[in-house]
Amino acid sequence: MFISTPQLLKSVLQDGAFDSEETSTLSILDHALEYICESSACGGAFIITSQQNNVFAPSLNIVDTAKKQVASRFIDERSQQAGFTQAVTEDQALMDALLDSRLNLELNIEDFGAEHDDPQVQVILQRLPFALSQLSSCQHVEISPAITVGNVTVMVGTLYFSHMLQSTQEQGNTLACRHFILEDMAFQVASSKELQRVSSLLDSKEKQYQELFQQLPMACALIDTDNCVVMQNQVAENSLPLLVGQSLFSILQLEDHSLLTDTLHIVRTGVLRQAYCEIPLRTSIQQHWYKLSFCQALNSQKQLLLMVEDISERYRLADELSFHSNHDALTGLPNRLQFESMLEELLNDKDDIPACVAFLDLDQFQVINDLSGHQAGDQLLQEVSKRLKQLLRKGDIVARLGGDEFGLLMYYADEESAKQVAKRICHQLFDHEFMWNKVKHNVSASIGIATFDRNATDIYDVMSQADAACRVAKEEGRNRWHYFSPDDPQTHILYNQMAASVDITGALANNKFELFYQIIEPLEMAEDGLHLEVLLRMVQEEGNYVSPGVFLPAAERYNLASRVDRWVIDNLLRWGGENLHVWNELSMVSINLSAISLADQKFMGWLEMRLMVEPELVDKLCFEITETAAVSQLQQAAALIELLRPLGCKLALDDFGAGFSSFAYLKSLDVDFVKIDGQFVVNLCQDKSDEAIVKAICQLGKDMDFQVIAEFVESEEIGRRLKALGVDYGQGYAINKPTPLEELLTGKRQRWLT
């Protein structure tokens, strides 16, 4: 048997471990049994081994994978060997007890059947005699403790026959030696079998790795320290222009080398366990984009595992999405976002290119929509778009800003050349014949022009000038153009109103807004907490407040409404978090959303994420949208409801009844509140028609399960009349005037009407 660790390793690794596990195992056991019989001067010896394998089970306790084996050797009684081995093999309880025992046992024939404190020894005493009954004259048994090495457990036993007892007793002083031999043999057998198991497992793992590597559904390769391909799977061979021994850099364009170098360095130095880069590869005439992911292969050669994913389709879709996000779907022209981006680029251009900006509005466009329908209006917009591209100079830009409004950017243009372009457009559009269902419509446009000012604070200064000039053109009778001049009283007044008192971008940048609140008072119900509507005021440099009625229309006109709404929601939730005790006392907090925000997918995505991180606040929120916005953007309004409902928020319709005679759209919107437009409330006590409308809306609320809020409650008399008609809530100066939110110290309600 093995007498040293090197011999043990040599025997295990060279004795067929990889060719035949069973053959090598029998060889190990035969050598061990032979050595035990010679060293212990016994008549026979037996070994029981148990090997477990947890390749597929993370814990050996989950799946019983034990494989047990019994081997024996007899010096003289060879004919009895098979019977004894079979008897032990078939007695599962006996094998388990022997493999669980941790004691050196010396058992004489008279010991069997006796009682023992150790449960494992008790099983051995009861069940071993049956196996020994296969032998004719066995009188004495010595059993080693079970030895465990890794996943292998081994016990060794020796058998002494009647004619050997006297010599064994005479050698009593060698009992400790015999015990040592048994334990040492158990350890060596367990060690050799564990080494054999591990070596076989490693060999199997290597084969599994190779097979798995080849069967992976994505292109994979091993990369050496010189960045060359060492090995690649079948997918890589079929789809990539890579050969074994070839450098990765050879298939990259020169400008992409630094990106790949940085990615490899990050993984090799251990900054990240895995890193990737997205690079176009030279595979054919058509360019393909690939994602190259690298991680350490964890081998001695310090190789990297490369995984390659073709992401060309994603890049194609991204380009397509970029086009759609920057262009108008109806006309194919650049949209407002792209137009403003071009203006920003021009403002930051160091070449100081002279340019002019123009706004163009179609005259009486709504009449065409009303008479012939929106399809006719869309057709006209498409025809006008094509005509404008033909009428502009080469290199100039025309964009659809929204509705019937177009933006023109004329490069290398001065006042005179811009006027010539505007004059040509006005004349040509006026001569354009637009027929729809045999109905002829007149087409004309009003154009406002402004010189692109390099010293402007931002692009909105220039856009405001062009917009002001366009308004002047409309006021002067339409079908004409007007050039902005700061010395012109008309444009000067319009521009100052827009630029001086409505500096929305400056207010957003410098936090020059302030939140106010106004109470929405229950007229009948007993509520403990306040129901508030959050209002917004702009703070001027001198400390004066600007009403939202002044700056919000401009915010919507210049596509800033979403930024304003974001500021309101963000600052309201911040105040709620800082004043949680007041917030928890409130009944409800209403916030206005503009129609622009409702149609802004980016804003709606932000809103959902912002609300989800404030779970302790959102169930008090109620979002108000105007009836006009809800009807014109019914799909977006329904999407808003789907977003808000799971979060516990409510929805209200503002300015209800202001401009629509049909309420059929209410069937599509599950609103919680409807706010009656103030024009039906302010003269309620004097006008029977207003009273009838309010009463009808209240009945509609009862039938459709929404609550009614009346605005413009300017007196207690109006409040009592609203209460009598069944209105649920009132809001107006008679209840309270808008107050800075910072002054709200309690959310408890004090009853207004007694």
Side-chain angles (χ1 to χ4, degrees), residues 323-349 353-363 365 380-413 415 417-426 428-429 443-454 456 458-474 478 480-484 491 494-495 498-499 504-505 553-561 596 599:
F323 178 85
H324 287 308
S325 64
N326 290 311
H327 289 77
D328 175 55
L330 178 65
T331 64
L333 296 177
N335 58 17
R336 176 183 286 272
L337 182 67
Q338 180 71 356
F339 187 72
E340 292 179 356
S341 176
M342 292 176 178
L343 294 180
E344 286 279 6
E345 185 177 346
L346 184 60
L347 185 63
N348 298 323
D349 197 319
I353 300 172
C356 290
V357 177
F359 274 20
L360 182 150
D361 271 358
L362 295 181
D363 299 327
F365 178 74
L380 175 60
L381 290 172
Q382 290 174 330
E383 292 184 11
V384 168
S385 299
K386 295 177 182 178
R387 200 79 181 95
L388 288 175
K389 287 192 291 185
Q390 295 170 351
L391 294 172
L392 286 177
R393 304 170 310 163
K394 184 177 181 180
D396 290 346
I397 301 298
V398 56
R400 186 187 177 200
L401 305 183
D404 62 335
E405 186 178 50
F406 295 84
L408 311 177
L409 176 56
M410 294 171 274
Y411 295 101
Y412 297 100
E415 180 177 349
S417 61
K419 287 180 179 179
Q420 289 297 325
V421 172
K423 181 179 179 180
R424 182 165 66 246
I425 291 173
C426 285
Q428 292 293 326
L429 287 184
V443 181
S444 65
S446 300
I447 305 174
I449 316 167
T451 301
F452 194 89
D453 184 5
R454 294 286 174 180
D458 52 47
I459 61 171
Y460 300 107
D461 283 347
V462 181
M463 294 175 72
S464 297
Q465 293 174 356
D467 195 13
C470 185
R471 291 191 182 189
V472 172
K474 282 189 175 293
R478 298 182 171 84
R480 64 192 65 229
W481 50 266
H482 193 92
Y483 202 94
F484 175 85
T491 54
L494 283 171
Y495 173 72
M498 297 165 62
I504 301 169
T505 53
E556 293 190 351
R557 185 175 185 84
Y558 294 108
N559 206 30
L560 297 170
I596 301 297

Look up atom [atom1] in [X] and atom [atom2] in [Y], then write down how far apart they are to the nearest 0.5 Å.
X: Cys356; Y: Glu415; atom1: SG; atom2: CD; value: 8.0 Å
X: Leu409; Y: Leu346; atom1: CG; atom2: CG; value: 6.0 Å
X: Tyr460; Y: Ile504; atom1: OH; atom2: CD1; value: 10.0 Å
X: Ser444; Y: Ile425; atom1: OG; atom2: CD1; value: 13.0 Å
X: Ile459; Y: Glu345; atom1: CD1; atom2: CD; value: 12.0 Å
X: Leu401; Y: Phe339; atom1: CG; atom2: CZ; value: 6.0 Å

Donor-acceptor contact present, side-chain [X] to main-chain [Y], <3.5 Å:
X: Asp467; Y: Met463; result: no
X: Arg393; Y: Tyr411; result: yes
X: Arg424; Y: Leu391; result: yes

Are Leu343 and Leu347 close enough, and set up right, to give a side-chain contact (heavy atoms from CB on, under 4.5 Å), and what steps lead you there? CA-CA 6 Å; Leu343 294 180; Leu347 185 63; over 6 Å; no
Flag if over 12 foreign heavy atoms under 6.0 Å of CD, Gln390: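 Yes, the 6.0 Å shell around CD holds more than 12 heavy atoms from other groups.
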Output all residues satisfying side-chain contact (heavy atoms from CB on, under 4.5 Å) with [X], sequence neighbours left out; order by chain, then residue number.
X: Leu330; answer: Asp328, Asp378, Leu381, Gln382, Arg400
X: Ala422; answer: Ile447, Ile449, Trp481
X: Lys389; answer: Leu333, Val398

Distance-only donor-acceptor check, side chains Asp363 and Ser446, under 3.5 Å: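 There is such a pair (donor and acceptor under 3.5 Å, judged by atom type) between the side chains of Asp363 and Ser446.
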Please step through side-chain contact (heavy atoms from CB on, under 4.5 Å) for the pair Asp453 and Asp461, ending with a clear verdict. CA-CA 8 Å; Asp453 184 5; Asp461 283 347; over 6 Å; no
Do you know the tightest heavy-atom contact between [X] and [Y]?
X: Ala466; Y: Ala450; result: N-CB, 3.8 Å
X: Cys470; Y: Phe359; result: SG-O, 3.8 Å
X: Ala469; Y: Tyr483; result: CB-C, 4.5 Å
X: Asp404; Y: Leu362; result: OD2-O, 2.9 Å
X: His327; Y: Gly332; result: CD2-O, 3.4 Å
X: Ala445; Y: Leu429; result: CB-CD1, 3.8 Å

Are Arg454 and Val462 packed together at the side-chain level, in the sense that at least one heavy-atom pair is separated by less than 4.5 angstrom?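 They are not in side-chain contact.
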Is the shortest heavy-atom distance from the side chain of Leu408 to the side chain of Asp396 under 4.5 Å?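 Leu408 vs Asp396: side chains apart.
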Derivation and outcome, side-chain contact (heavy atoms from CB on, under 4.5 Å), residues Phe452 and Met410: CA-CA 9 Å; Phe452 194 89; Met410 294 171 274; over 6 Å; no
side-chain contact (heavy atoms from CB on, under 4.5 Å) between Tyr412 and Ser417, intermediate numbers included: CA-CA 9 Å; Tyr412 297 100; Ser417 61; over 6 Å; no
